[in-house]
Amino acid sequence: MATGRGRLLQLYWRGLQALRLPPGGVGAATGPDGEAAGPAGFRERRSGGGEGPDAEGRGAGGCRRAPRGCSALLHGKGPGARSASRAVLNQCARRGKHCEQRPKDRLVSLERMPPEILLKIFSYLDAVTLLCTGCVNRRFYHLANDNFIWFRIYTTAFSPKRCNWKVNSAEKTAVSMKSLSVEDKEAGYWKKEFITKQRASVKAVLAQVLQPVNPDTGLPVKTKEALRISGLCWVIILKAKNGQEYVMEHTDVSVHDSSVTILWYGKNWPQLAMLAALDLCGVTPVFMDRSKAPSKNGPRWHSLIAKYNLSNLTESTMIGWDSLIRIFCLHPGLLVGLWKREEELAFVMANLHFHHLVEKSTLGSATVPYELPPHTPLLDDHPEYGLHGYQLHVDMHSGGIFYLCGTFRNLFTKKGSIENGYVKLVVIRFKNNTEHLPLIGKFGLSWRTDVFDGCIKSCSIMDVTLLDEYGKPFWCFSSPVCMRSSGPSDGPNFLGQTYCVDYVDSEGKVHVELVWIKETEEYFIVSLVLYLRTAKINQWFGTAY
């Protein structure tokens, strides 16, 4: 019996060595006396006296040490029994691995938690984290809209601060009635109320900052400060014909006296042929904290400024070119640059005037632009005399270089200067040499991408701010313009080539005439005329021109 048992143990050991497994199967450990332990750490008996009470027992992991077929095969003899023993040992190893692995259905995860536990966890989150949590999946979105959680956040943030320590019965009743009505509201009601209240507080802060006005331009003095404290940035949303959208944040921003220029460029532009439209939006953090720098990873508010149709990039909208790119102007104030060779996007440039810039960039929605407040007509005491007391501020610039910066006061026109639906307002007269102004520097529109940069001659950015007789902004725009040749001059005092710059929108027109002086190599503005639509004037003053 002892000899037979020793032979069986020898066969068993050789099988384990062939599988490179520790004695006792998978997970076995060696005891302090060099004895083999089983998966649960129980030692196997080596002395005689039978198989032992734990030969077929279960370890702490709940796995049998070896199936019944294993002990039966170990009693066999010969090479057949040896191969069969290996097969059984392989089976034992697979079972041991399966027993050591935790079943997937027993794993703990947030997805498998009951909604009551998740709501309890969400109740400890602040508003920013709760909004971000709602973006994880559909289930988290619905749970993160819980009215009880948002009602607590709302009342904590906007509850009135009282000086006394006691609360009277009327206030207690009001609070209890509010708590009872929380459940009656639709899901997400108090979330919307909180965001609306937060947006209203942001609007109040910005309105206070923008209140002081510059008497020369009629624009807010602290526009740059308002842009900084609001954390405002701008994005363009490129919309493909198949409905796909590409969101790109601005690469560079230049702030001027009365406008801001935003630039987008990069290497990952989608193909122009697959694009249909472009949306320009202002983006601000939902929760503004003046003591902290705005975070780009938190919830942000999109305000639609303008929509553009990219199919309008035709020869009629092309305003200039150089050896590398062609540029196209889309109203209002958008400049699109295309590579000449590939006919693909090189850069996008937006020019936004300061007039209502902060409101347009922060107070609209992702689908509806900000609507200007209704205008109350200003009564004109002497409509028979036409327009008087107007003031114009005009800039022509590019790349931080100003070619023209002028202010013209006491502009007027007579009632008889109305023709073809426009009122003519002369700023610089052709026949008055003392009013003519030079353009400083080399006139041109600077552009750049992540690979190349350049300058397109005869193009620039024009900013116009026209104030009425009460000092209120009457007509404001910022747009790319192009200088075109208009033939030789008829004037006796000029011998150079003449050029013109024209701009047209729904409220008026601008016509500028220039002369190139070869001796001094500079342009001179010899005529500047504004044409204001009579419909705009009638609506502004309540007149009937």
Side-chain angles (χ1 to χ4, degrees), residues 157-158 160-161 194-234 253-262 280-294 300-306 332-333 350-365 368-379 389-395 405 407-409 463-478 507 536 539-542:
F158 300 112
K161 303 297 186 296
F194 178 78
I195 294 178
T196 302
K197 192 85 171 181
Q198 182 70 26
R199 298 296 302 168
S201 64
V202 172
K203 180 180 179 180
V205 171
L206 293 178
Q208 184 178 4
V209 174
L210 297 173
Q211 190 173 5
V213 176
N214 188 338
D216 293 332
T217 62
L219 302 174
V221 177
K222 299 182 178 180
T223 299
K224 297 180 181 180
E225 181 180 351
L227 297 178
R228 179 183 57 82
I229 66 175
S230 64
L232 176 62
C233 64
W234 292 271
V253 175
S254 301
V255 182
H256 312 296
D257 292 343
S258 57
S259 68
V260 59
T261 300
I262 310 113
L280 173 61
C281 297
V283 180
T284 52
V286 175
F287 308 107
M288 185 181 66
D289 190 351
R290 300 181 67 174
S291 62
K292 298 180 181 179
R300 300 194 295 174
W301 183 272
H302 283 64
S303 177
L304 179 64
I305 299 176
N351 303 275
L352 304 177
H353 197 276
F354 276 175
H355 185 50
H356 290 304
L357 170 62
V358 178
E359 294 86 345
K360 293 177 181 178
S361 302
T362 59
L363 301 182
S365 68
V368 180
Y370 168 73
E371 184 176 355
L372 297 178
H375 172 72
T376 303
L378 303 173
L379 298 180
Y390 277 64
Q391 179 175 314
L392 173 66
H393 183 81
V394 57
D395 295 330
C405 183
T407 301
F408 306 89
R409 296 179 173 88
D463 301 336
V464 167
T465 306
L466 181 64
L467 308 181
D468 62 12
E469 56 186 291
Y470 300 98
K472 303 294 183 181
F474 178 80
W475 183 31
C476 304
F477 69 85
S478 177
E507 298 185 5
K536 168 72 173 180
Q539 181 267 338
W540 192 262
F541 293 104

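Taking the six-membered ring for Trp and the full ring otherwise, Phe194 and Phe158 have centroids separated by under 6.0 Å.
The aromatic rings of His353 and His355 stand perpendicular to each other, their planes meeting at an angle above 60°, with 30° marking the opposite boundary. Ring geometry for Tyr470 against Phe541 counts as tilted: the plane angle lies between 30° and 60°, on a 0 to 90° scale.
Taking every heavy atom of both residues into account, Asp463 and Ser478 meet most closely at OD1-OG, 2.6 Å. The two residues Leu363 and Ser303 make their nearest non-hydrogen contact at N-OG, 3.8 Å. What you find for Glu359 and Tyr370 is that their closest heavy atoms are CB-CE2, 3.5 Å. Closest heavy-atom contact between Trp540 and His375: O-NE2, 3.1 Å. Between Ser230 and Leu227, the closest heavy-atom pair is OG-O, 3.3 Å. The minimum heavy-atom distance between Leu372 and Lys360, with the atom names listed, is CD2-CE, 4.5 Å.
Residue Lys222 places its NZ atom among 12 or fewer non-hydrogen atoms of other residues, nucleotides or ligands, all under 6.0 Å distant.
In terms of the side-chain contact (heavy atoms from CB on, under 4.5 Å) criterion, residue partners of Ala226 (sequence neighbours excluded) are, by chain and number, Leu206, Val209, Leu210, Val358.
Between Asp395 and the choices Asp257, Thr407, Val464, the side-chain contact (heavy atoms from CB on, under 4.5 Å) rule is met once, by Asp257.
Here the CG atom belonging to Leu280 is positioned 7.5 Å from the OG atom belonging to Ser361, to the nearest 0.5 angstrom. Between atom SG of residue Cys405 and atom NE2 of residue His256 there is a gap of 12.0 Å, rounded to the nearest 0.5 Å.
A heavy-atom distance below 4.5 Å is not found between the side chains of Leu467 and Tyr390. Side-chain contact between Ile305 and Trp234 is present, with at least one heavy-atom pair separated by less than 4.5 Å. In this structure the side chain of Phe477 never reaches within 4.5 angstrom of the side chain of Leu466, judged on heavy atoms.
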